[in-house]
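Inspection log for the structure reproduced underneath, given as structure tokens.
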Amino acid sequence: NPLGLQKGARATLFVRPEALRFGAAENAVSANTREIAYEGNLTHVGLRASDGTHLTVLLGAGETAPAMDAPASFGFDAGRAIILPPQQTD
């Protein structure tokens, strides 16, 4: 906790899209697939969580995207996550 955030404090969890993987994981999120964009050797998968949060997963060549409008689970290795303090407004 290099930022010294207190337990229970508001924060933002940031994980790069290429660090997310579909399937079971220790740190998992469920969301519905809303868009799939094939861009050469990469595929951008847009998802929407039940609270309305928009998420993006970046797949490499040979990785299979979930079906459109279908629920999907994906996760990440905690070592690939960064905790950021909440954005301050004045």
Side-chain angles (χ1 to χ4, degrees):
N1 185 357
L3 299 176
L5 295 173
Q6 297 297 317
K7 182 177 180 177
R10 291 187 59 83
T12 299
L13 175 69
F14 178 79
V15 181
R16 293 200 48 87
E18 65 271 15
L20 299 171
R21 293 288 171 249
F22 285 102
E26 179 181 352
N27 301 293
V29 177
S30 294
N32 283 349
T33 306
R34 307 308 280 165
E35 58 188 300
I36 299 173
Y38 300 99
E39 300 179 14
N41 64 339
L42 299 175
T43 302
H44 292 254
V45 180
L47 303 117
R48 180 122 5 239
S50 61
D51 69 355
T53 301
H54 178 83
L55 305 154
T56 301
V57 175
L58 183 62
L59 302 177
E63 294 183 85
T64 304
M68 281 294 296
D69 296 318
S73 291
F74 58 94
F76 59 93
D77 175 1
R80 304 282 308 265
I82 299 171
I83 301 295
L84 303 170
Q87 191 173 28
Q88 299 201 0
T89 57
D90 294 333

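Count residues from 1 along the sequence. Worth saying up front: this structure is predicted, and the values here are computed from it rather than measured.
- The number of heavy atoms from other shown groups lying within 6.0 Å of CD (E39) is above 12.
- Looking at every heavy atom in both residues, T56 comes nearest to L20 through O-CD1, 3.4 Å.
- Cluster membership for V29 and I83, using ILVMFWY side-chain heavy atoms within less than 4.5 angstrom, is shared.
- Residues L58 and T43 fail the side-chain proximity criterion, which asks for heavy atoms closer than 4.5 Å.
- For the atom pair H44 NE2 and E35 CD, the distance stands at 10.5 Å (nearest 0.5 Å).
- In this structure, R34 CZ and L47 CG are separated by 9.5 Å, a value rounded to the nearest 0.5 Å.
- Shown here for A81 and L13, the closest heavy-atom pair between the two residues is CB-CD1, 3.6 Å.
- Looking at heavy atoms from C-beta onward, T64 lies out of side-chain contact with F22 at the 4.5 angstrom threshold.
- For the residue pair I36 and A65, the shortest heavy atom distance occurs at CD1-CB, 4.1 Å.
- Using a 4.5 Å heavy-atom cutoff, the side chains of V15 and F74 are not in contact.
- Put simply, CZ on F76 and CZ on R16 are 14.5 Å apart, with the number rounded to the nearest 0.5 Å.
- To the nearest 0.5 angstrom, R80 atom CZ is 6.5 Å from E18 atom CD.
- Heavy-atom minimum distance, R48 versus A31: O-CB, 3.4 Å.
- Among all heavy-atom pairs drawn from P71 and N32, the shortest one is CA-OD1, 3.3 Å.
- When side chains are defined from C-beta on, E63 counts as touching R21, because their heavy atoms get closer than 4.5 Å.
- Closest approach of T33 and P66 over heavy atoms only: OG1-CG, 3.3 Å.
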